[in-house]
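Heads up, the thing below is written out as structure tokens.
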Number of protein chains: 2
Amino acid sequence: MFSQTVEYALRAVVCLADRAPSACTTEEIAVATKVPKPYLSKVLQALVRHKIARSQRGIGGGITLIKTPDQLTLFEIVNAIEPIARIETCPLGLKSHGKQLCPLHKRLDEAAAVVQKSFEETTLSDLLSAPKGVYPLCESPKSAGIAEGVQPAKKTD
Amino acid sequence: MFSQTVEYALRAVVCLADRAPSACTTEEIAVATKVPKPYLSKVLQALVRHKIARSQRGIGGGITLIKTPDQLTLFEIVNAIEPIARIETCPLGLKSHGKQLCPLHKRLDEAAAVVQKSFEETTLSDLLSAPKGVYPLCESPKSAGIAEGVQPAKKTD
DNA sequence: TCGAAATTGGACGTTGATATCTTGTTTTAC
DNA sequence: GTAAAACAAGATATCAACGTCCAATTTCGA
């Protein structure tokens, strides 16, 4: 239901929020989120253009979020990459009803509205404050090793 | 949020349900739904393959729905053309949590679940029984002409 | 049986999403 | 100031979605 690019952007932002307010390099994010690095850099550029993240070149540089995780919503990320397409007017171009949608498109738009609302109400903090044994991204860079006493294996992937 | 093809399929099915149990030709549906006829025929073929519609060649032929409008849900149509992508397992391929999704993907899947549920609960009849002055498709082939006393113009579109 | 109506199926073209690669450009450390 | 680190940006490749076109097939009616 969402594009691959949106998925990548969300992973990257979760990763950034997890390490906020420190900076992450594209390389670090790519490894943590398993997103192809060259493509990830494009996605991150889009986030920078949309004023969601800030980039700093040079040694010690990287990407940082502009907002704090508790002020940043899923909606903002999704909207930056691929806005949720709300149905404002009749897709068939009928002018007979002003903003009145036919039942079909009313339903479709309601579905989109529910998704949008859900995303607007979810902050990155919400995702990071794992309620019970579920970890930030799917990776569990901090908690997992501590909780289970497992040494993270050398990354060969 | 939904592909153009799904939109076309839904329009076509609404059109078919509106005229059920009679058959419609691809041409008729194309005009009513403003979908390019050659492409519509592909979409209809998919509906036939998925046992949602039946086709009859030759003079007097056309497409008919297999189920009655009150037994056919939006979900069945959407699922036939482009199944709602539920997130069953971790997209990053982490095996560390069985079917436990991380908070991010849990949220995304919940959104998909809500949409799916909404579609499962909506039948074509629901869409056709317009509550108050809203018409079946965006077109209003039956009611409009009657209500307003307007002769449908010769089809030049 | 012949022809018109109608769907079926394959080939083709276009566009955008996805992804990679290479070459800059900026910045910091020494 | 020079080199390494890191992002920026453009060109390119690939594939699926979208859409068109045309020939083939089925079916009904005269």
Side-chain angles (χ1 to χ4, degrees), chain A residues 1-13 15-16 19 22-66 78 80-85 91, chain B residues 1-13 15-16 19 22-66 78 80-85 91-92 155:
Chain A
M1 203 165 61
F2 302 103
S3 75
Q4 191 71 6
T5 306
V6 167
E7 162 78 22
Y8 288 168
L10 290 172
R11 285 189 208 172
V13 171
C15 180
L16 283 166
R19 287 164 175 77
S22 319
C24 296
T25 67
T26 303
E27 172 73 24
E28 287 170 350
I29 302 173
V31 170
T33 60
K34 301 197 175 176
V35 176
K37 185 168 52 172
Y39 193 63
L40 175 63
S41 98
K42 298 293 183 191
V43 176
L44 292 176
Q45 278 180 45
L47 293 178
V48 169
R49 273 197 304 277
H50 281 86
K51 303 278 195 293
I52 287 172
R54 183 185 294 111
S55 66
Q56 176 63 44
R57 301 194 198 189
I59 295 176
I63 311 280
T64 47
L65 293 179
I66 290 181
V78 172
I81 302 297
E82 186 187 85
I84 294 178
Chain B
M1 204 165 61
F2 302 103
S3 74
Q4 192 71 6
T5 306
V6 167
E7 162 78 21
Y8 288 168
L10 290 173
R11 284 190 209 172
V13 171
C15 180
L16 282 165
R19 287 163 175 76
S22 318
C24 295
T25 68
T26 303
E27 172 73 25
E28 287 169 351
I29 302 173
V31 170
T33 60
K34 301 197 176 177
V35 176
K37 185 169 53 172
Y39 193 63
L40 175 63
S41 98
K42 300 291 183 193
V43 177
L44 292 175
Q45 278 179 45
L47 293 178
V48 169
R49 276 196 302 275
H50 282 84
K51 303 277 194 294
I52 287 172
R54 183 184 296 112
S55 65
Q56 177 63 43
R57 299 194 200 189
I59 295 177
I63 312 278
T64 47
L65 292 179
I66 290 181
V78 172
I81 302 297
E82 186 188 83
I84 293 179
L92 282 87
K155 287 210 177 77

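Throughout, a chain's letter reflects where its sequence line sits, starting with A, and its residues are numbered from 1. Quantities reported herein were computed from a predicted structural model and do not represent experimental measurements.
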Please list, chain by chain and in numerical order, all residues satisfying side chain to side chain donor-acceptor pair (under 3.5 Å) with Gln4(B), sequence neighbours excluded. Tyr8(B)
Separation of dA6(C) C1' from Ile63(B) CD1 (nearest whole Å): 9 Å
By salt bridge (charged side-chain N to carboxylate O under 4.0 Å, His left out), which residues pair with Glu27(B), not counting sequence neighbours? Lys37(B)
Which heavy-atom pair separates Leu47(A) from Val13(A) by the least distance, and what is that distance? CD1-CG2, 3.7 Å
Tell me the interatomic distance from Glu7(B), atom CD, to dC18(D), atom P, rounded to whole angstroms. 11 Å
Heavy-atom closest pair, residues Cys24(A) and Ile29(A): CB-CG1, 3.7 Å
Check Ala32(A) against Leu92(B) and note the closest heavy-atom contact, atom names and distance. O-CD2, 3.8 Å
Can you tell me the distance, in whole Å, between the CZ atom of Arg11(A) and the P atom of dT18(C)? 13 Å
Nucleotide dC18(D), atom P - distance to CD1 of Ile81(B) in whole Å: 10 Å
Rounded to whole Å, please give me the gap between CG in Leu16(B) and P in dT7(C). 11 Å
Pair listing, side chain to side chain donor-acceptor pair (under 3.5 Å) test, anchored in residues 38-52 of chain A, at least two apart: Thr5(A)-Tyr39(A)
When rounded to whole Å, the CZ to P distance for the pair Phe2(B) and dA17(D) reads 16 Å
Whole angstrom is fine here: how far is it from CD in Glu27(A) over to P in dA4(D)? 18 Å
Find every protein N or O atom lying less than 3.5 Å from an N or O atom of nucleotides 26-30 of chain C, and list the pairs.
from	atom 1	to	atom 2	distance (Å)
dT26(C)	O4'	Arg57(A)	NH1	3.2

For Ser3(A), give me all partners under side chain to side chain donor-acceptor pair (under 3.5 Å), at least two apart in sequence or on another chain. Glu82(A)
Polar atoms only, N or O, under 3.5 Å: list the protein pairs with nucleotides 19-22 of chain D and their distances.
from	atom 1	to	atom 2	distance (Å)
dG19(D)	OP1	Tyr8(B)	OH	3.4
dG19(D)	OP2	Tyr8(B)	OH	3.4

Below 4.0 angstrom from OP1 or OP2 of dA6(D), is there any side-chain N or O of Thr26(A)? no
Separation of atom CG in Leu47(A) from atom P in dA8(D), rounded to whole Å: 11 Å
